[in-house]
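Sequential numbering from 1 along the given sequence is applied to the chain's residues. As the structure lists them, so they are numbered: ligands from 1, and atoms in each ligand from 1.
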Amino acid sequence: MILSTRFANLTLLVSLAPLLHLAQAWPAVYPEPPPGPLELDGTKLVNDAAHPWRPTQPGDTRGPCPALNTLASHGYLPRNGVATPKQLINAVMEGFNMNNKLAIFVTYAAMLVDGNLVTNLISIGSKAPRTGPDFHGAVPAGGLNTPGFGVEGDASLLRGDAYFGDNHSFNQTLWDEFVDYSNHFGGGYYNLTVAAELRHRAIQRSIATNPNFTFVAPRYFTAYAESALIIGAFLDGRNTDAERKIPMDVALGFFRDSRMPADFHRAAKPTGNDGVVEIFSAHPISPGGNVVRTWRSFCVLYENFVQKTVKRLYPNPTGVVRRNLILNLQYFYSGQPSVAGCTQLFPYGQL
Ligand code: HEM
């Protein structure tokens, strides 16, 4: 009798073991608030001895963002490509001098749709086991490669549309076009004029070839922002030329190899998407099926993202998932530009 009870207990323990292990290995994390701005926010050597470029190892992930790929390959982010929001924000500020608010805003936008809200981890590429299991009530944490939620989207400059199968790898045909446009409009460099023409070209190409093409907020905004960010972040911070322009070998290093040039210094001051209005104004178009009419409708982006994208993904969250949604939405809101003044939304109440 004693033996059979012991046996039953043992069987129970063995059958519960994977679950116990899961709970111990993946505790529900209380997401810490985002870090503030850098104390010393000038230029400095960032391709330094402490951050050497290294090739990826089996199991490492990289994705559609050349900046995050580069930061992972230089060790500003975990080299395996899985990070917390705090690590992402610190890395883009430290490595590229991205301004604190923008870093917060894009990081939490990504975290809310592509991250694991329970473990507080996100993959910068494909879905990665390192972000933790799929918890009940939370969306599968697919990583930044995930299309369809408006963070990764169509009409990228050097990555194809998801419709064609690969939305995250460096695309040689698009790179050839990038070089052609830089030669034609920028004398062999990527500058604001090239950015405007190439952004227009990428949109027109997707309209013409992709029957599923969609271009509404937030992708409508991020597409223009990315075109501008290239100049702000990939220009060496010691460069004082009035014309801000990126040589092709430097661009190729970032986009294809996730690699900073030797001796690379980050931007001289906190940088964002300066120039984005010029890029938009060169060929203004309306977003497909949306109400936004100008680039300045920032609060529409915020409202759409919260009320449509996030609410659709999480219609009725409970427990830790609801708590962490409320916190991540709070942090996301804190990253809006100071001038925007959007009214804060609380789709899941407050803590
Ligand atoms: C934590 C901050 C960041 C996050 C979460 C993030 C996320 C992303 C994502 C999801 C994409 C894919 C969008 C698409 O479909 O094209 C992307 C693309 C891009 N990102 Fe980032 N990014 C961040 C910071 C930066 C920074 C600092 C730069 C500065 C250069 C940058 C430059 C770009 C560019 C140029 C693309 C477009 C690539 C292409 O069109 O081929 N990002 N980013």
Side-chain angles (χ1 to χ4, degrees), residues 34-35 46 62-72 76-77 81 83-115 122-126 142-163 166-175 177-178 190 195 198-199 201-203 205-206 214-215 218-235 246 250-256 258 260 266-267 270-276 279 332 335:
V46 283
R62 298 290 181 269
C65 177
L68 299 184
N69 291 346
T70 300
L71 292 166
Y76 281 96
L77 283 172
T84 64
K86 184 178 177 186
Q87 285 173 322
L88 284 179
I89 295 163
N90 279 331
V92 292
M93 291 194 305
E94 192 60 31
F96 289 119
N97 214 350
M98 189 180 211
N99 86 57
N100 178 250
K101 289 236 171 203
L102 184 58
I104 290 174
F105 194 77
V106 291
T107 296
Y108 287 101
M111 187 64 200
L112 280 159
V113 298
D114 296 332
I122 181 168
S123 156
I124 65 168
S126 56
L144 294 188
N145 287 0
T146 312
F149 302 143
V151 173
E152 194 291 318
D154 292 337
S156 303
L157 298 180
L158 292 159
R159 269 84 182 164
D161 290 358
Y163 175 80
D166 183 349
N167 64 350
H168 53 275
S169 307
F170 175 81
N171 180 310
Q172 183 64 42
T173 309
L174 297 182
W175 169 253
E177 192 172 79
F178 186 99
Y190 181 92
L198 205 57
R199 170 52 37 233
R201 162 73 186 144
I203 295 166
R205 184 185 58 237
S206 287
T214 164
F215 202 58
R219 176 60 188 154
Y220 176 70
F221 292 88
T222 57
Y224 290 98
E226 286 160 14
S227 297
L229 272 168
I230 297 171
I231 302 175
F234 294 167
L235 188 72
I246 312 289
V250 170
L252 186 62
F254 282 114
F255 280 103
R256 187 189 63 190
S258 310
M260 297 177 182
R266 73 180 185 200
T271 175
N273 45 28
D274 301 356
V276 75
I279 296 174
F332 175 60

Query raised in the report: When only distance counts, is Gly153 in polar contact with ligand 1, meaning an N/O pair under 3.5 Å?
Result: yes

Query raised in the report: Taking the six-membered ring for Trp, are Phe105 and Phe332 parallel (under 30°), tilted (30 to 60°) or perpendicular (over 60°)?
Result: parallel

Query raised in the report: What are the two closest non-hydrogen atoms of Tyr76 and Ala91, and how far apart are they?
Result: O-CB, 3.6 Å

Query raised in the report: Looking only at distance, does Leu157 have an N or O less than 3.5 Å from an N or O of ligand 1?
Result: yes

Query raised in the report: What do we get for Ala233 next to ligand 1 when only non-hydrogen atoms under 4.0 Å count, side chain, backbone, both or neither?
Result: side chain

Report task. Among all protein heavy atoms, pick out the one at the shortest distance from atom 6 (C) of ligand 1; state its residue, atom name and that distance to 0.1 Å. Result -> Leu68 CD1, 3.7 Å

Report summary line: So for Val92 against ligand 1, with non-hydrogen atoms under 4.0 Å, the contacting part is side chain

Report summary line: For atom 27 (C) of ligand 1, the closest protein heavy atom turns out to be Met98 SD, 3.6 Å

Requested in this report: Report the C-alpha distance between Leu229 and Leu102 in whole Å, list the side-chain angles of each, state the deciding distance to 0.1 Å, and finish with yes or no for side chain to side chain contact (heavy atoms under 4.5 Å, CB included).
Outcome: CA-CA 11 Å; Leu229 272 168; Leu102 184 58; 4.2 Å; yes

Query raised in the report: Between Thr107 and ligand 1, does any nitrogen or oxygen pair lie at a separation below 3.5 Å?
Result: no

Query - Neighbour count above 12 (heavy atom, 6.0 Å) for Phe170 CZ - result: yes

Report summary line: Between Glu152 and Thr146 the two heavy atoms that sit nearest each other are CB-O, 3.4 Å

Requested in this report: Report the member of Asn145, Leu158, Asn90, Leu174 with the shortest heavy-atom distance to atom 41 (O) of ligand 1.
Outcome: Leu158

Query raised in the report: At their closest point, which heavy atom of Ala225 faces which heavy atom of Asn273, and how far apart are they?
Result: CB-ND2, 3.7 Å

Query - Option set Ala267, Ala202, Pro66, criterion heavy-atom distance to atom 34 (C) of ligand 1, minimum - result: Pro66

Report task. Determine, considering heavy atoms only, which of Ala67, Ala228, Ala109 sits nearest to atom 25 (C) of ligand 1. Result -> Ala67

